[in-house]
Amino acid sequence: MGGCHLIDVRTIAMILNQDHTTDDKKLEITRHSGAHVMAEAVQSIFPDAKFGIGPAIENGFYYDFGLPHPLTPDDLPLIETKMNEIIAANVPFASQEVTKEEARRLFASQPYKLELIDEIPDEKVSLYQQGSFVDLCRGPHVRSTGEIKAFKLVSIAGAYWRGDEHRLMLQRIYGVAFETKKALAEYLKRLEEAAKRDHRKLGKELDLFSIHDEAGPGLVHWHPKGAIIRRLIEDFWRDEHIKRGYDIVYTPHIAKLDLWKTSGHWEFYHDYLYSPMEVEGQEYIIKPMNCLGHILIYKTKVRSYRELPLRYAELGTVYRYERSGVLHGLSRVRGFTQDDAHIFCRFDQLEDEVVGVLDLARFMMNTFGFTNYQVLLATRPEKYAGSAEVWEEATEILGRALARLNINYNIDPGEGVFYGPKIDIKLENALGRAWQGPTIQVDFNLPQRFDVTYIGEDGKEHLVAMVHRTVLGSMERFVASLIEHYGGVFPVWLAPLQVMVIPVADRHLDYAYKLESQLRSKGVRVGVDARSERLNLKIRQAQLDKVPYMLVVGDKEVANSTISVRLRSEEQLPSQSLDDFKETVTMAIADKITDLK
RNA sequence: GCCUGAGUAGCUCAGUUGGUUAGAGCAGCUGUUUUGUAAACAGCAGGUCGCGGGUUCGAAUCCCCCCUCAGGCUCCA
């Protein structure tokens, strides 16, 4: 592909504009240039490579290659070495505009490039060249390869051409790149730190949950300590919902297939449902959602406009078939418990209801200390139920509700579910990946299909407005986020074990048990480390378990009826009476405080 | 589901040009130690090397199938 001479036009423009480009923009350009340098390196090592696309992404870049043989991690250092040579040679980037005809000739052996050329609407296309590598590219690029100061190739992955799973899979190499070596090192360090907070790792270390080959992938077993955390969240959740006018309900885990045919789930979500089982000649499925049960409860009598809104809430466990490659710890599983609720209301009540849900969602996020989340308003997709006008109106209502609470949000165009617009709140986990948390969805489909109505003031039947919503997402995913958010250092109210009493020697055991029973009677989760081990070991163990309070008791404490309090932050509190400590702990629990002072 | 890589004791990991009864630390058990703020000492026990097939005189090691996991892609009501 090499050997053509290009006139440097854009690079000059870039130099002229350089003062105006922001640092972010500059970094993005550098990353993009890094992708080109990587492509050149791959071309020189594998001359038969076919080139896909190679954009800048968050933290770095990637390039997709079609190669007749698989790349292995061993190839990365070779490619890196070659890239470093190219960078050391500091070769200039040059660009040129050519006609599509010329471009097609140039890329005659590059099927992916030809496809891209065909899709560009303009008559001319632009090319960028550095060294022997020419690429179809909009640019811009850095002036020369020497401006790429710090990069590292991090992984190889398969990626469908054009993101379409029905097309060929190319091999993608991911790289990270920063403006300086220091920034790169800091980034890699951050990744390492994030990996330590990974809920899968902490879940094992802190004995919170497990997933078993024997039982099946994506099926979570909550250990006692994990179950405590979950139960506390559930209790809090239930109490808060009751305060806010929800009714708690329970619905069965299986139901007749016909129900799911009526709802349209069988038709639309067939791939996510587990196969039917036959019971007395009838087909049943395990529920993938809770909404139908709530609708059946609603429909047990004729409803008056006076009793709306009705809010049915359920910690409902559902099962969905997720493709094996997507499972991920607690975050993506096959059986999970949604903190679900369905609100049945009049259309004119919709805005207030959405405001209520948003306020609740925000309250929950704040309580658990989540400050990093993104709010998206997803609008009408191409295929949709109901009329465009109703969609329009409902979307406006969602927007107004967000505005009333001064919540910043972005529009996610066309990303609504087919049955209605929705508000999604995405949380970021320790590795910077966004996970779906709270979601509020208006549904125009089910009320129609199940004829969910109320009698209005006018004595006539009207369809209800229906809202599906969760404020945590699912218990599994939420706990995963919590583990990573706190790095396993749970606030006192959620800590599986809140206090560990550590006697210095066996003769202090009686005193230790006395403290234990007094704290336990206050509802504190407390244990005594009664092993004949040295103090240091017991401290270490409690530290590793991230127990908020360690009460060390020895001769001094027994003699003075005091306790010595060590925090997991390694801070040492002054010697104090048990009564004082009881007050400290119970307040920390009641106020759900996150820091230990 | 697709691509690449991985799977050795409860946990973290050693162990390949294929070669005796597969190792270590931690955890567990037993004993000694009675300890003052992040690991006392000694001994014991613990493994069909993910499953199943194959190649070979001989397989943790090489090949094939399957399962699971990791990182991506696609998907996520």
side-chain contact (heavy atoms from CB on, under 4.5 Å) between A:Val375 and A:Asn410: does it pass, once the steps are laid out? CA-CA 6 Å; A:Val375 181; A:Asn410 294 314; over 6 Å; no
Under 5.5 Å and under 30°: A:Tyr272 stacked on B:A77: no
Measure from the ring center of A:His468 to the ring center of A:Tyr419 and say whether it is less than 6.0 Å. yes
Nearest whole angstrom, please: distance from the P of B:U12 to the CD of A:Glu205. 9 Å
Quantified in whole Å, what is the C1' atom distance between nucleotide B:U21 and nucleotide B:G47? 13 Å
Which of these nucleotides, B:U35, B:A77, B:A70, is closest to any side-chain atom of A:Arg534? B:U35
What about A:Glu557, does its side chain sit under 3.5 Å from the base of B:G36 through a donor-acceptor pair? yes
Among B:U33, B:U37, B:C73, find the nucleotide with the atom closest to the side chain of A:Asn536. B:U37
C1' spacing across the pair B:U16 / B:G23, given as an integer number of angstrom: 16 Å
Going by modelled atom types, is there a donor-acceptor pair between the base of B:A38 and the side chain of A:Arg566 at under 3.5 Å? yes
Is there, by distance only and without an angle test, a donor paired with an acceptor across the side chain of A:Tyr321 and the base of B:G1 below 3.5 Å? no
Taking the C1' atom of each, how far is B:C2 from B:U48, in whole Å? 33 Å
Check the pair A:Arg323 / A:Glu165 against salt bridge (Lys or Arg N to Asp or Glu O under 4.0 Å), numbers first and verdict last. CA-CA 13 Å; A:Arg323 294 157 99 189; A:Glu165 67 174 314; 2.8 Å; yes
What's the gap between B:U68 and B:U30 when it is taken at their C1' atoms, as a whole Å value? 37 Å
In whole Å, what separates the P atom of B:U61 from that of B:G7? 11 Å
If you check the A:Arg172 side chain, which of B:U68, B:A40, B:C73 turns out closest? B:C73
Out of B:A77, B:A38, B:U74, which has the shortest distance to the side chain of A:Tyr419? B:A77
Quick note, A:Ser532 side chain, CB onward, closest among B:G72, B:A77, B:U35 is B:U35
Pairing donors with acceptors under 3.5 angstrom, does anything connect the side chains of A:Tyr160 and A:Arg162? no
Classify the ring geometry between A:His221 and A:His212 as parallel (under 30°), tilted (30 to 60°) or perpendicular (over 60°). perpendicular
Out of B:A38, B:C75, B:A40, which has the shortest distance to the side chain of A:Leu537? B:A40
Output the single nucleotide from B:C76, B:G5, B:G36 whose closest atom is nearest the side chain of A:Asp555. B:G36
Is the shortest side-chain N/O distance from A:Lys538 to OP1 or OP2 of B:G36 below 4.0 Å? no
Any idea which of B:U35, B:U37, B:A39 is nearest the A:Arg507 side chain? B:U35
Pick the C1' atom in B:A70 and in B:U32, then give their distance to the nearest Å. 45 Å
Nearest-Å distance once atom P is located in both B:G52 and B:A39: 43 Å
When you measure from the side chain of A:His328, which nucleotide among B:U35, B:U68, B:G71 comes out closest? B:G71
Can you measure A:Asp340 atom CG to B:A77 atom P for me and round it to whole angstrom units? 14 Å
The side chain of A:Val417 lies closest to which of these nucleotides: B:C76, B:A77, B:A38? B:A77
